[in-house]
Every structure is written in C-alpha cells, then in structure tokens.
Amino acid sequence: MAVTDSSIVDIKYEAVETSIGYMIFPHVYVNNTERSFTNTSIIAKPIAVQCATQARYTQLEGSLRQYHSVAGDPPGSVTITFPSIRGLEIRATSATGTYVTSWYYNNTRIMYDSHNSAWDGITGFCIITDVNNVSTPCLISGYLTAATAHGEAVIVTDYPAANKFGTFLGQNTGYYGPGVSGTVAEAVVALILGQSIPAADVDSEDPYDPGGNTEPGGGDGDLDDSTDPIDFPVDPIISAVDTGFITLFNPTLSQLNNLANYMWGSLFDLENFKKLFANPMDAILGLSVVPVAVPNGGTSNVKVGNIDTGVSMNKAGSQYVNVDCGTLNIKEYWGAYLDYSPYTKAEIFLPFIGTHPLDIDDIMKKAVHVKYKVDILSGACIANIKCGDAVLYSYAGQCAATIPVTGRDWTNVVGSALSIVGNVAGAAVTGGMLAPMAAANVAQAATNMSKPNIQKSGSVAGMAGIMGIQKPYIMLTRPRQAVPKKQNHYTGYPSFITTQLSKCSGYTEIEAVHLEGVPGTTEELAEIERLLQSGVIF
Amino acid sequence: MAFDIDIQRNNSEREALDKDVDTITTISGVLKSDTSIIDPVIVTEVDLVDIRKANYMYISRFARRYFITGITSVKNGLVEISGHVDVLSTYKEQIRDNTAIIKRQEKKAFYNLYLNDGVFKVYQNSTVLARAFPSGFTTQELVLAVAGK
C-alpha cells in the first residue's frame with residue numbers, strides 16, 4: 001500500500017512486560033488501518049528493554065536535565081521531525097558530533113522541574129540521532145520504565161554503525177540494538193530514520209497468513225476390509241447357585257402344592273426354624289415362571305430355614321439357559337441399490353424385548369442368527385443377533401413372570417405390570433417425518449424416506465412377554481418401484497465404468513472423456529463432449 | 001466455387017451416431033458469404049418441391065454431415081439451405097476410438113444396479129413383509145428360589 005501525502009500515518013508503540021524486561025512492538029496505522037511494513041530504514045523488531053530502577057530513572061532524568069541545562073542546544077544543521085505521537089512532537093537537532101534531545105510538547109519546549117511533572121504529560125518518546133555526521137561519539141543513553149512509558153516504549157532500528165555512543169555525562173552507554181547488549185545502561189535507544197512507509201506492504205488481514213501449509217497426501221490406506229468373527233458369548237463363570245446361599249428348584253405344579261401345604265400346615269415346626277428369618281416365607285426368595293426348559297440338576301428335598309419339608313423337587317442344573325431361535329437368510333429383492341438403506345428398512349421383534357430397528361445394510365445377503373441367554377434366577381435375558389460372522393446387535397429384556405408368594409411380592413408384581421402398561425401407551429408413535437434423502441433428485445422418488453417412523457411395540461417384559469409373541473421375526477419395508485417400459489433405452493442405468501466407446505451400444509451418457517484424434521474445430525469438439533454427456537445412441 | 005451437396009432425409013434419432021439416411025437428390029451449390037462450415041448456408045438453384053422432405057445433407061467438400069435447420073426461398077428457383085454440423089455422425093469413428101468413463105448405459109454389460117440412481121420413481125405405498133425365525137420360546141416352567149442349601 002503506497003503512502004501518499006494525504007495519508008494519515010500514526011505510529012503507536014506497545015510495551016509488553018516479559019521476564020527479562022519489556023518487549024516493544026510497533027503498530028503502524030495508515031488511514032486508521034494497521035499495516036505491517038519492512039523497510040531498510042525502519043525495521044520494527046521486538047526489543048527487550050529492561051526496566052530501569054527508580055534510581056536509574058532519576059539518574060536519567062537528572063542526566064538529561066543536566067545535559068540540557070549545561071549544553072543547551074548546540075548549533076547544527078540537521079533537524080528531524082517525526083509524525084505526531086498522540087499529539088507529542090519530538091524534535092531533535094544535531095551538531096557536528098554532539099547531540100542533544102529537546103523535549104517538546106505541543107510545540108513547546110518543556111523544561112522539567114521534576115520527573116513527575118515532566119513525564120506525566122508525555123505518552124511516548126524517542127531519541128533521535130544523526131549517525132552520518134559523527135566525529136565524536138554521540139552521548140545518548142536512555143532509560144525506560146513502565147511508569148514513564150505509560151504502556152508505550154521506544155522502537156529501535158537497525159543502527160548502521162556501532163559505537164556511535166560514547167558517554168553520556170560520564171555514564172557509559174554503548175550501543176544497544178538488536179542482539180547487542182550494553183555495559184552500563186540497560187535501555188534501548190530508539191532511532192527512526194525516515195518518515196515514509198514504503199509501497200511494499202504486507203496485508204496482515206488474512207487470518208490464515210502466512211498460510212502455505214498445504215501438502216499432498218492420502219491414498220496410503222491398507223485396504224484391509226477383513227472382519228474379525230464375533231461369536232455368541234459364553235455363559236458367565238459364576239452362578240448364584242454355586243455360592244450355597246441359594247438353591248433353585250424346577251418344581252412341578254403338584255410339587256409346589258405339596259410345599260405350600262407343608263408351609264401352611266401344622267407340620268411346620270417354627271421352633272426349629274432357623275433364627276435367620278423372622279418369617280418363614282422369607283426363606284422363599286421367589287417363585288417365577290420362565291419361558292425356558294430348566295436344566296435338570298437332580299432331585300432334592302426342599303429345605304426351608306434348614307427344615308426339611310420332605311417335598312422333593314428337581315433342582316435347576318444351571319442358572320443360565322440358552323435359547324437358539326435359528327437363522328434367517330435375508331435375500332435381495334432386486335439385486336440393486338433399492339435393497340439397501342435408505343430405500344429398504346428392517347426391524348426385528350424380539351420376544352420379551354420388543355421391536356428394534358436393524359440396519360438393512362447389516363443383514364442384507366447375510367445369515368441372521370438370534371440367540372437368547374436367560375438367567376432363570378433374575379429373569380433377565382439378552383438377545384444377541386449375529387449378522388454373518390459377527391454379533392452386531394444385543395438387546396436386553398426381562399422374561400420371568402414373578403408369582404407373588406408374599407404381600408410385598410404382590411405389590412411389586414402389580415406395580416411392574418402397571419408401569420409396563422404405561423410404557424406401551426406412551427410409546428406407540430415416535431419420531432416424525434424423516435428428512436427426504438438427497439440420493440434421488442426427482443421430486444417423487446424415495447418417498448418412503450419421508451414417511452413417519454411408527455414404533456411397533458412397547459415393553460413386552462415379564463408376564464406381558466409370556467402373553468406375547470414367542471418367536472422373533474424380521475419386518476422388511478420395501479419401496480414399490482415404478483418402472484416405465486424400456487426405461488434402459490431412454491435413460492439407461494447407472495454406470496461408472498471406464499471403457500472404449502466402441503464397446504458401447506445403445507443409449508449412453510458419458511461421465512468424463514478427454515477427446516483425442518477428432519479432427520473437428522474447437523466448437524465441434526465442445527459440442528461432441530456436450531452431446532456425449534447429455535446422452536447419445538451408439 | 002460450386003460443390004455437390006447430397007440432400008438426404010434422416011430417419012434416426014438426432015443423438016444416434018449411425019444415421020439411417022435416404023438420399024433424395026444431389027445438388028450443386030455455393031457457400032454463402034460470411035457463413036462457416038459449422039453452420040453453413042448453401043445457396044443453390046433448386047425447386048423447393050424437390051427438397052421439401054429433406055432434413056439432412058452431406059457435403060463431401062467439407063467432409064461433414066449436417067442437419068438441415070432451414071430452407072429459405074430467396075427468389076424464384078434460388079434457395080438458401082441452412083445447416084448445422086452433425087458432429088456425432090461426422091466424427092463417429094473417431095469418437096468410438098476414444099475411452100471414457102460411462103455415466104449411464106443401456107446394456108447390462110456396462111451398468112451396475114448397485115449404484116444409486118437419481119432417475120427412479122416409487123409408488124407411495126410400500127411393501128411390508130415379515131420373516132419369522134425358525135424357533136423361539138416354546139415352553140414355560142416354574143423356578144423356585146429358596147434361601148440356603
């Protein structure tokens with residue numbers, strides 16, 4: 001961006017405190033827009049400026065005052081005027097080898113009585129020297145403190161000559177610039193040579209500047225689409241019956257009747273009833289109906305509170321029972337994209353669990369195998385659905401119907417039944433209109449994607465499940481395709497094959513071609529390509 | 001300079017590379033000034049009745065085949081025949097020699113029905129069917145849980 005005579009240039013300096021001192025950053029504004037710049041005469045670099053102590057500050061102020069009062073303004077021919085900095089104009093004059101800085105505020109030379117009044121009115125400063133006409137080292141040093149800088153500091157340029165500074169009123173100064181450390185003074189002397197912003201300008205408004213981090217990549221995948229087989233789970237290794245605290249029986253109805261008669265009869269000796277229980281019925285942990293054949297673990301007399309009832313029952317040989325519901329092969333109807341999501345949908349009804357959606361892509365052209373694992377103690381069941389080689393779906397349910405043997409049991413059973421009814425009533429319809437798929441670009445296509453999703457069952461746990469359907473089944477929803485006669489002749493079917501066009505016959509649309517060897521004009525070639533893409537007949 | 005023009009009737013689709021054409025007559029004409037060989041205007045002396053059923057022409061001088069886009073009578077016996085080049089038929093051999101990625105095709109050898117098709121339509125009433133598994137839960141038995149052994 002070129003700076004013209006009418007440009008408004010403002011320079012602000014920012015001092016950022018660091019562990020080693022202040023870092024100084026320039027901000028240059030051209031017509032109120034910040035610009036960065038590079039220039040041989042103006043190099044904006046962050047320079048560490050170590051803060052002087054108050055004593056040094058005083059020394060500086062004292063030194064300046066002293067120098068000023070002693071030397072006055074030497075005769076010279078160099079005057080450098082800088083753009084105003086928040087209204088402060090700094091003017092410097094130089095002599096043949098001796099330099100002095102005068103401080104001006106609103107074009108009025110300021111004489112400082114004390115540093116407080118002197119510095120409070122100044123929001124920034126720079127010390128200027130003319131380095132081109134030096135026979136004796138210039139006597140400059142500068143100190144900068146946070147208090148004096150008011151958040152602003154001094155910019156140092158690339159000072160072209162070293163050792164241009166001698167002593168300043170007896171204080172060794174030395175040259176302080178980028179990468180150069182001094183001996184005595186810790187401040188950096190600021191030089192701004194020139195006043196113009198060059199035309200070369202770096203636009204720093206690009207948020208991704210400098211960018212340039214793009215690179216090629218990709219295409220190095222391992223192309224491994226093999227799958228690990230995920231088989232049905234095995235039974236848990238710990239069974240509650242093995243603990244000795246619980247015994248599971250598989251009674252017949254007559255055996256149960258015998259037990260009930262004993263429990264409520266006069267033969268039951270409460271005196272010998274184990275004092276572990278306050279109520280004999282506490283020894284009966286539960287009675288339930290399960291929808292499986294309980295494995296036979298031999299027979300045994302039922303002991304209630306260590307009292308042998310004399311009632312013989314079959315014991316359950318295992319806490320866990322597996323139910324294999326068999327395999328269903330899901331076959332394609334068209335052998336086309338319509339057999340898959342989102343056009344065809346699938347759901348599965350699982351006894352004691354309910355209806356759940358299946359991804360049609362998971363089951364199409366695969367053997368779907370359902371196996372239940374039932375815990376006859378708690379009634380919990382889990383249905384594992386194996387699609388091909390892997391179990392992809394697992395749903396849990398409750399398949400035991402509790403038969404209340406105590407008043408507490410009765411309350412729990414009724415309460416559970418009521419909650420199931422509530423779930424059914426509230427879960428009839430879920431979802432809403434699905435968003436139309438973008439796969440088809442014809443308005444009437446894929447309309448089944450815009451149909452509402454209706455939940456086909458609620459909770460079917462416990463006795464509700466026992467009263468419900470006992471065999472799982474899959475529901476498929478397929479679209480009915482509308483196919484006009486000889487559609488392939490008029491529109492063709494999708495292809496994405498590379499081939500020589502001489503092998504094509506009939507209606508053909510081209511996805512992409514680079515025409516070669518056709519002796520036509522540019523206009524003709526363009527028309528050939530256009531026609532091939534819109535459809536031709538070979 | 002005058003050249004021969006085969007005035008023909010095309011019976012095939014415009015999009016076909018191989019055209020079934022019947023030659024009606026062969027005339028002699030000149031290319032009208034400021035017209036191109038892509039969209040020529042042929043000036044010829046011919047009776048309109050003789051070429052009224054023509055919709056196609058072949059100009060061997062230009063080695064191109066054309067759709068006749070217009071037949072205009074300039075004055076009695078003088079006719080202007082406008083045409084547009086049939087690039088498919090003119091360059092059919094060279095086109096066939098090219099290799100391309102096919103987007104849609106009529107023949108089974110080149111289409112794949114597993115690719116999504118944006119042209120299809122469906123009826124609003126879907127088909128719903130059920131497939132039952134071979135087995136399920138076939139019995140109910142009692143389980144009595146008792147504390148202790």
Side-chain angles (χ1 to χ4, degrees), chain A residues 244 247-249 251 283 285-291 293-294 325-326 328 336-337 351 370 376 439-441 444-445 447-448 470-482 488-489 491-495 497-498 500-502 506-513 517-518 524 527-528 536-537, chain B residues 12-13 15-18 37-38 63 85 87-88 90-91 94-149:
Chain A
T247 303
L248 293 177
F249 292 96
L285 300 179
L287 176 65
S288 57
V289 177
V290 294
V294 178
C325 297
L328 207 57
Y337 63 96
V370 174
I376 62 173
N441 54 13
Q444 292 186 2
T447 52
N448 55 346
Q470 301 293 296
K471 186 183 287 188
Y473 59 91
I474 289 178
M475 292 165 281
L476 298 174
T477 304
R478 290 193 187 120
R480 292 180 59 234
Q481 192 184 17
N488 57 331
H489 174 71
T491 67
Y493 288 130
S495 174
I497 296 172
T498 302
Q500 191 173 16
L501 293 177
S502 60
Y507 181 81
T508 306
E509 282 181 29
I510 304 299
E511 178 73 39
V513 64
V518 180
E524 289 176 310
E527 183 172 354
I528 292 172
V536 299
I537 299 173
Chain B
S12 302
E13 301 94 332
E15 302 83 11
L17 269 67
D18 299 316
I37 63 170
I38 307 300
V85 62
V87 291
L88 293 178
T90 299
Y91 301 111
Q94 294 87 349
I95 291 172
R96 285 192 163 100
D97 288 338
N98 273 269
T99 298
I101 299 175
I102 310 300
K103 184 178 179 182
R104 301 188 72 88
Q105 232 289 313
E106 178 176 343
K107 302 300 181 185
K108 190 174 184 179
F110 290 106
Y111 64 66
N112 189 322
L113 295 182
Y114 288 107
L115 291 171
N116 214 333
D117 190 351
V119 176
F120 81 95
K121 291 181 183 291
V122 295
Y123 295 107
Q124 194 66 4
N125 48 342
S126 305
T127 300
V128 182
L129 50 91
R131 292 276 186 269
F133 283 81
S135 305
F137 295 87
T138 57
T139 186
Q140 288 109 33
E141 294 190 5
L142 294 164
V143 172
L144 177 69
V146 177
K149 284 195 172 182

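Ranking Pro351(A), Pro291(A), Gly517(A) against chain B, the residue ahead of the rest is Pro291(A), based on heavy-atom pairs under 4.5 Å. Heavy-atom pairs under 4.5 Å with chain B peak, among Leu248(A), Val370(A), Val290(A), at Val290(A). The candidate with the highest count of non-hydrogen atom pairs below 4.5 Å against chain A, out of Arg96(B), Glu15(B), Gln94(B), is Arg96(B). When Gly136(B), Ser12(B), Ala145(B), Ala130(B) are compared by the number of non-hydrogen pairs under 4.5 Å with chain A, Ala145(B) comes out ahead. The most heavy-atom pairs under 4.5 Å with chain B, out of Ile528(A), Thr491(A), Thr247(A), come from Thr247(A). Chosen from Thr127(B), Asp18(B), Asp97(B), the residue pairing most often with chain A at heavy-atom distances under 4.5 Å is Thr127(B). Ranked by non-hydrogen atom pairs under 4.5 Å with chain A, the options Leu142(B), Asn125(B), Ile95(B), Thr138(B) are led by Leu142(B).
Only the side chain of Glu13(B) comes within less than 4.5 Å of a heavy atom of chain A; its backbone N, CA, C and O stay farther away. Of the atoms belonging to Phe110(B), heavy atoms from both backbone and side chain fall under 4.5 Å from chain A. With a 4.5 angstrom heavy-atom cutoff, Ile102(B) touches chain A via backbone and side-chain atoms both.
Here the side chains of Arg478(A) and Leu129(B) are in contact, with some heavy-atom distance below 4.5 Å. Looking at heavy atoms from C-beta onward, Ile101(B) lies out of side-chain contact with Ile510(A) at the 4.5 angstrom threshold. The side-chain heavy atoms of Arg104(B) and Pro494(A), taken from C-beta on, include a pair separated by under 4.5 Å. Side-chain atoms of Asn112(B) and Tyr493(A), non-hydrogen and from C-beta on, never get closer than 4.5 Å to each other.
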> side chain to side chain contact (heavy atoms under 4.5 Å, CB included) between Val518(A) and Asn98(B): does it pass, once the steps are laid out?
Replying inline: CA-CA 9 Å; Val518(A) 180; Asn98(B) 273 269; 3.9 Å; yes

>> Show, in sequence, the C-alpha distance, side-chain angles and deciding distance for Gln500(A) and Thr99(B), and conclude whether the side chain to side chain contact (heavy atoms under 4.5 Å, CB included) test is met.
In response: CA-CA 4 Å; Gln500(A) 191 173 16; Thr99(B) 298; 4.2 Å; yes

>> Run the side chain to side chain contact (heavy atoms under 4.5 Å, CB included) test on Ile474(A) and Phe133(B) for me, step by step, so that the C-alpha distance in whole Å, both residues' side-chain angles and the decisive distance to 0.1 Å come before the verdict.
In response: CA-CA 8 Å; Ile474(A) 289 178; Phe133(B) 283 81; 3.7 Å; yes

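Of all heavy-atom pairs spanning Gln481(A) and Phe120(B), the tightest one is NE2-CB, 4.0 Å. Nearest approach of Val122(B) to Pro479(A), heavy atoms of both residues: CG1-CB, 3.8 Å. When all heavy atoms of Pro134(B) and Cys325(A) are compared, the pair lying nearest together is CD-O, 3.3 Å. When all heavy atoms are compared, the tightest approach of Ala100(B) to Leu501(A) is CB-CD2, 3.9 Å. Nearest approach of Tyr337(A) to Tyr114(B), heavy atoms of both residues: CB-O, 3.7 Å.
Atom-to-atom distance recorded for Tyr473(A):OH and Arg131(B):CZ is 14.0 Å, nearest 0.5 angstrom. To the nearest 0.5 Å, atom NE2 of residue His489(A) and atom NZ of residue Lys107(B) are 9.0 Å apart. Between Asn488(A) atom CG and Tyr111(B) atom OH the span is 6.0 Å, to the nearest 0.5 Å. With rounding to the nearest 0.5 Å, the separation of OG in Ser495(A) from CG in Asp117(B) is 11.5 Å. With rounding to the nearest 0.5 Å, the separation of CD in Glu527(A) from CD1 in Ile38(B) is 8.5 Å.
Gln105(B) places a side-chain N or O within 3.5 Å of a backbone atom of Tyr507(A) that can act as its donor or acceptor partner.
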